[in-house]
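Here's the structure, in structure tokens; my notes come after.
Not measured: the values here are computed from a predicted model.
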Amino acid sequence: MQVLLYNELNPKKIPGFTKLKNYLEAGDFKSADVKKVGDNLFRARLNRSDRLLFSIYRHQGQAYALMLELIKGHAYEDSRFLRHGATVDEDKIPVLNAPDENVGQDLVYLNTGHQSFNLLDKIISFDDSQQSIYALNPPLIVIGSAGSGKTALTLEKMKQAVGDVLYVTQSAYLVKNSRDLYYSHHYRNDDQQVDFLSFQEFLESIKVPEGKPVTFQHFQQWFGRHRQGGQFKDAHKLFEEFRGVITGPATDKSWLSREDYLALGVKESIFLAEEREAVYGIFEKYLEFLRENRLYDSNVVSHDYLKISEPRYDFVVVDEVQDLTNIQLYLIMKSLRQTQDFILCGDSNQIVHPNFFSWSKVKTLFYKQEDLQGSEDLIRILNTNYRNSPQVTDIANRILKIKNRRFGSIDKESHYLVESNGHTQGEVLFLQDNDKIKQELDKKTKASTLFAVIVMTAEQKPMAREHFSTPLVFTIQEAKGLEYENIILYNFLSQEESRYREISKGVSQADLELELKYARGKDKTDKSLEVYKFYINALYVALTRAIKNLYWIESNPKQPLLDLVGLRDARDSLELANQNSSLDDWRQEAHKLELQGKQEQADRIRSEILKQKTPNWQVIAGENLENLKQQALVDNNKKAKMALFEYALVYEDRNLINQLIKGDFRPAHNVEKGLQMLQQNHYMAYTFKKPDAVLKQVDLYGPNFRNVFNQTPLMVSAWTGNVEAVKALCQLGADTEKVDGNGLNAFQIALGQSERDDSYAKKKLVEIYEQLEPSSMSIQVDGRLIKLDQHLMEFFLLNLMIALFYRVMTNKMQYRLDGFATQDILNAIQHIPSAILPDRRKKRAYLSSILSKNEINRDDKYNRKLFYRVRTGHYIFNPNLALKVEGEWVNIYDLLLLDRLAPVYIQEDDDWSIRIAEYRRNTVKKNKAELRSLLAKMRGDVGGDR
């Protein structure tokens with residue numbers, strides 16, 4: 001058995017490592033005192049108190065022991081790899097004498113020439129090219145094909161950075177995915193503070209722009225309404241010119257003047273010189289369109305932000321850099337304290353967004369900008385593909401050869417073919433476009449999550465849906481970043497036949513047998529590459545979405561490009577087994593697509609596959625809640641009073657309960673009995689350990705439906721402490737970010753319940769917390785976004801205080817205007833397990849320091865300005881603090897409702913209790929008015945009422 005070491009471990013700091021390594025290599029588990037402590041997790045004895053945690057993997061028949069973690073002093077509860085907070089009683093676990101030949105997971109790839117491995121969500125073994133890049137110091141540009149492992153490599157490189165670190169890319173989904181990969185297995189690095197941001201969030205972290213970012217869909221709709229038969233019909237080509245030529249490349253101006261634009265060289269614009277005057281006229285109308293519709297162009301904003309941006313990062317990683325423009329990249333680079341400390345990675349063959357990108361422009365940016373100048377030896381290329389089957393890779397390479405022979409080389413950096421190291425064999429089938437084939441393909445694949453259909457444009461989707469019932473139909477822009485085992489490419493060429501004929505023009509089969517040569521296009525006036533780049537790249541991206549098999553259907557099979565890639569004779573028959581996926585698979589697929597922003601496809605899965613319906617009851621929220629109050633409190637409707645009472649119990653709304661008591665609604669006098677009846681009438685399904693009854697409702701209405709009280713099943717499960725229901729709902733893709741009528745999400749509801757119930761905190765919270773904890777929380781302070789990662793104490797503290805707002809602040813209002821104190825936090829966390837909140841974070845001094853450090857006027861580098869101090873040691877939320885809630889910015893005092901703060905009702909059956917009750921009501925009323933006045937003053941509002 002060979003021993004491999006996790007790259008984060010230093011063997012020199014592991015006592016007795018050499019001796020233990022020898023035992024394991026000999027298969028002598030008895031001498032190594034090996035015991036199994038988890039699923040494919042073993043511990044070996046180093047000395048009296050220290051242990052080494054490892055897993056067993058297999059590759060090509062050989063077993064490997066992968067050393068993961070040093071456990072010092074039996075502290076298994078601190079292990080990254082064991083269940084959080086786990087306890088291990090070694091005396092009760094028998095020693096293993098030898099490794100079990102049946103134990104061990106298979107590794108798809110292992111570089112046996114290296115004695116170490118890396119780790120994200122899974123074991124990573126770098127090949128020689130990847131390892132050589134991993135050993136390099138920044139600055140660095142990593143170019144890699146789809147599936148080359150460039151993101152994993154750069155994330156591992158990022159772990160070497162010290163200080164303030166930024167990971168940024170265009171896709172919000174890739175940001176979340178990369179962040180979760182980075183922190184897999186509870187990874188921690190106390191030497192760095194990392195921001196994972198989409199480019200949109202990066203802009204907002206400088207200053208939140210007014211309005212919404214313009215998208216191609218916005219532009220296409222506007223252009224379609226206003227072109228009125230003009231000389232330009234291609235919206236995509238114009239949008240690329242606006243984004244990639246007029247506003248994108250220049251770093252010294254927001255956009256090119258008419259004179260500068262007309263003076264551009266022949267290779268610097270998509271349009272010919274005689275067309276540019278008209279193009280610029282449309283661009284000026286485009287600027288008006290943005291202003292009139294409160295939209296902004298991120299290129300223009302990026303230039304404006306150069307004036308206010310400050311260096312704030314010690315290291316920057318830019319992923320999928322080909323999706324950014326020069327000015328966007330320059331703004332990111334300006335955020336560096338030292339201009340050399342960066343890694344860029346991407347692949348220009350995957351550009352399907354309009355930005356006129358080339359690696360030569362990136363290099364020019366560095367050479368032109370004195371503050372970004374660096375070594376010419378920046379670039380490394382990864383051309384081994386670990387994702388796609390060899391058959392798919394082969395046809396993708398032929399596309400790259402066609403691109404090279406037809407247009408010449410864009411730049412040296414894009415001049416490479418892909419080597420397949422895919423371990424799964426597949427096939428590429430060229431099929432006739434006849435009813436028999438399409439019906440067979442549809443019949444066998446429509447119920448499978450392993451098949452997706454890709455078309456070129458949104459206009460082709462309805463045609464594709466006429467023949468394919470699967471909800472998984474994507475345009476090429478939607479498909480970027482996705483991968484499926486099988487891809488059906490439908491009329492991708494036939495819809496744009498003239499363009500693909502032009503792309504194939506002058507290229508022969510003999511040309512494709514030659515070695516790839518680096519050569520620029522000879523005719524500088526030839527705009528073919530710029531005009532057709534999107535179409536050839538789109539085809540390349542579409543092909544490489546297929547992990548295993550590609551099914552290609554064209555209505556016109558006699559096209560030169562198909563002949564060039566070796567697809568000459570379309571088959572008229574298909575042998576394919578039924579490919580059905582379970583409903584759980586489809587639920588997971590819908591959840592994944594929602595995370596990636598593919599709402600259309602997710603909605604189709606829910607309605608067409610899962611057959612989910614809209615509930616037939618009215619949700620008490622917004623206008624419905626106001627109507628209910630009118631019926632109950634003014635019209636004296638008994639049924640409405642009961643509904644309002646139940647609503648008040650759910651949300652601990654003491655103000656409503658007091659109003660119902662004043663209206664002589666007798667059940668409101670007995671809150672405990674009311675809660676019992678509430679549970680029996682509305683929440684019985686959530687009281688059972690097995691969540692079957694809850695999941696039946698989810699099958700009918702989806703995981704995010706609202707009950708009558710405006711709660712999702714996940715919120716109710718967190719509220720009632722049903723661990724199994726929480727787990728099941730999260731597996732089905734329940735949205736953890738949705739908020740209830742009090743403005744709380746499921747995570748905050750769980751925190752609130754743990755403060756109210758010691759048993760909840762001790763027995764249920766750990767498992768619920770792991771399921772519901774968001775990876776981060778987006779807040780806005782002083783007009784800029786700050787992303788609080790879950791590792792920060794500020795993240796925990798802010799969520800806890802939001803969860804306790806109604807309870808704590810009601811008590812604070814009864815005597816004077818007051819706020820949260822350290823003791824309120826200590827009271828709330830005293831029973832929270834150390835697996836969630838380490839003991840060092842429960843100290844009074846530590847909590848006080850976090851509160852004071854984040855006062856709005858405190859001078860501290862990492863002050864998030866969360867709190868306003870109303871008096872020494874007492875805090876309220878910063879009145880100008882906003883949270884990103886379900887995709888929109890909401891001020892915290894618009895989210896949390898001051899009207900619901902009211903004293904607990906005291907039965908007024910004697911003179912003394914009447915006076916106390918009256919005093920408390922008046923005091924709370926006065927203090928709420930004072931708080932509103934303070935909030936209005938600090939927010940710059942006129943008046944105080946909201």
- Item | Partner set under salt bridge (Lys or Arg N to Asp or Glu O under 4.0 Å) for Glu8, not counting sequence neighbours | none
- Are Asp190 and Arg188 close enough for a salt bridge, meaning some N to O gap below 4.0 Å? yes
- Message: Please report the interatomic distance CG(Leu788) to CZ(Phe795), rounded to the nearest 0.5 Å.
- Response: 8.0 Å
- Message: Between Arg398 and Asp394 (side chain of the first, backbone of the second, donor and acceptor by atom type, cut-off under 3.5 Å), is there such a pair?
- Response: no
- Taking all non-hydrogen atoms of both residues into account, name the closest pair between His74 and Ile71 and its distance. C-CG2, 4.0 Å
- Query: CG of Leu472 to CG of Asn486: how many Å apart, nearest 0.5 Å?
  - Reply: 11.5 Å
- Message: For Asn549 and Glu427: C-alpha separation, side-chain torsions, deciding distance, then whether side-chain hydrogen bond (donor to acceptor under 3.5 Å, both in side chains) applies.
- Response: CA-CA 5 Å; Asn549 302 312; Glu427 58 182 349; 5.3 Å; no
- For the pair Asp180 and Lys176, find out whether any cationic side-chain nitrogen is under 4.0 Å from an anionic carboxylate oxygen. yes
- Query: Any salt bridge between Arg43 and Asp33, counting N to O under 4.0 Å?
  - Reply: yes
- Charged N to carboxylate O below 4.0 Å: is that the case for Glu90 and Arg45? no
- Answer yes if the side chains of Asp127 and Tyr109 hold a donor-acceptor pair under 3.5 Å, and no otherwise. no
- State, without any angle test, whether Gln425 and Gln391 hold a side-chain donor-acceptor pair at a distance under 3.5 Å. yes
- Message: So Val317 and Val168, do their side chains get closer than 4.5 Å, heavy atoms only?
- Response: no
- Relative to each other, are the rings of Phe81 and His185 parallel, tilted or perpendicular (30° and 60° limits)? tilted
- Task: Could you tell me which non-hydrogen atom of Phe117 sits nearest to which non-hydrogen atom of Leu4, and how far apart they are?
- Result: CE2-O, 3.6 Å
- Item | Plane angle bin for Phe126 and Tyr134 - parallel if under 30°, tilted between 30 and 60°, otherwise perpendicular | tilted
- Partners of Glu724 by salt bridge (Lys or Arg N to Asp or Glu O under 4.0 Å), sequence neighbours excluded? none
- Task: Calculate, to the nearest 0.5 Å, the distance between atoms NZ and CG belonging to Lys157 and Leu155 respectively.
- Result: 12.5 Å
- Message: Tell me every residue that passes salt bridge (Lys or Arg N to Asp or Glu O under 4.0 Å) with Asp106, counting only those two or more places apart in sequence or in another chain.
- Response: none
- Mutual orientation of the aromatic rings belonging to Tyr183 and Phe196 [parallel < 30°, tilted 30-60°, perpendicular > 60°]: perpendicular
- Item | Expected output: side-chain Lys842 to main-chain Ile832 donor-acceptor under 3.5 Å | yes
- SB check Lys150 Asp319 (cutoff 4.0 Å): no
- Message: Check whether Arg58 reaches the backbone of Gln105 with its side chain - one donor and one acceptor, N or O, closer than 3.5 Å.
- Response: no
- Item | Sidechain-backbone polar pair: His591 side chain, Leu732 backbone, donor-acceptor under 3.5 Å | no
- Message: Does either side chain, that of Ser178 or that of Tyr167, offer a donor lying less than 3.5 Å from an acceptor on the other one?
- Response: yes
- Message: So does Gln579 get a backbone contact from the side chain of Ser448, meaning a donor-acceptor N/O pair under 3.5 Å?
- Response: yes
- Taking 4.0 angstrom as the limit, do Glu767 and Lys727 come out as a salt bridge? yes
- Task: Would you confirm whether Lys35, through its side chain, and Ile93, through its main-chain N or O, come within 3.5 Å as a donor-acceptor pair?
- Result: yes
- State, with a plain yes or no, whether a side-chain heavy atom of Arg51 is found less than 4.5 Å away from one of Tyr76. yes
- Query: Can you tell me if Asp164 and Gln193 form a side-chain donor-acceptor pair at under 3.5 Å?
  - Reply: no
- Task: Using modelled atom types only, decide if a donor and an acceptor are shared between the side chain of Glu69 and the backbone of Leu53 within a distance under 3.5 Å.
- Result: no
- Note on the structure: In short, Asp735 meets Leu714 closest at the heavy-atom pair O-CD2, 4.0 Å
- Item | Exam field: side chain Gln170 to backbone Asp323, donor-acceptor pair closer than 3.5 Å | yes
- Item | Pair Lys72 + Asp78: basic N to acidic O under 4.0 Å | no
- Query: Think Lys159 forms a cation-pi with Tyr187, using NZ or CZ under 6.0 Å from the six-ring centre and within 45 degrees of its axis?
  - Reply: yes
- Note on the structure: CG (Leu52) and CD1 (Ile14) are apart, to the nearest 0.5 Å, by 5.0 Å
- Item | Heavy-atom side-chain proximity of Lys787 to Val175 below 4.5 angstrom | yes
- Item | Asn22 side chain to Thr18 backbone, donor-acceptor under 3.5 Å | yes
- Show your reasoning for whether side-chain hydrogen bond (donor to acceptor under 3.5 Å, both in side chains) applies to Asn118 and Tyr6. CA-CA 6 Å; Asn118 293 65; Tyr6 178 31; over 6 Å; no
- Is Asn177 reaching over with its side chain to a backbone N or O of Leu174, donor-acceptor style, under 3.5 angstrom? no
- Is the shortest distance from a Lys or Arg side-chain nitrogen in Lys598 or Glu594 to a carboxylate oxygen in the other one below 4.0 Å? no
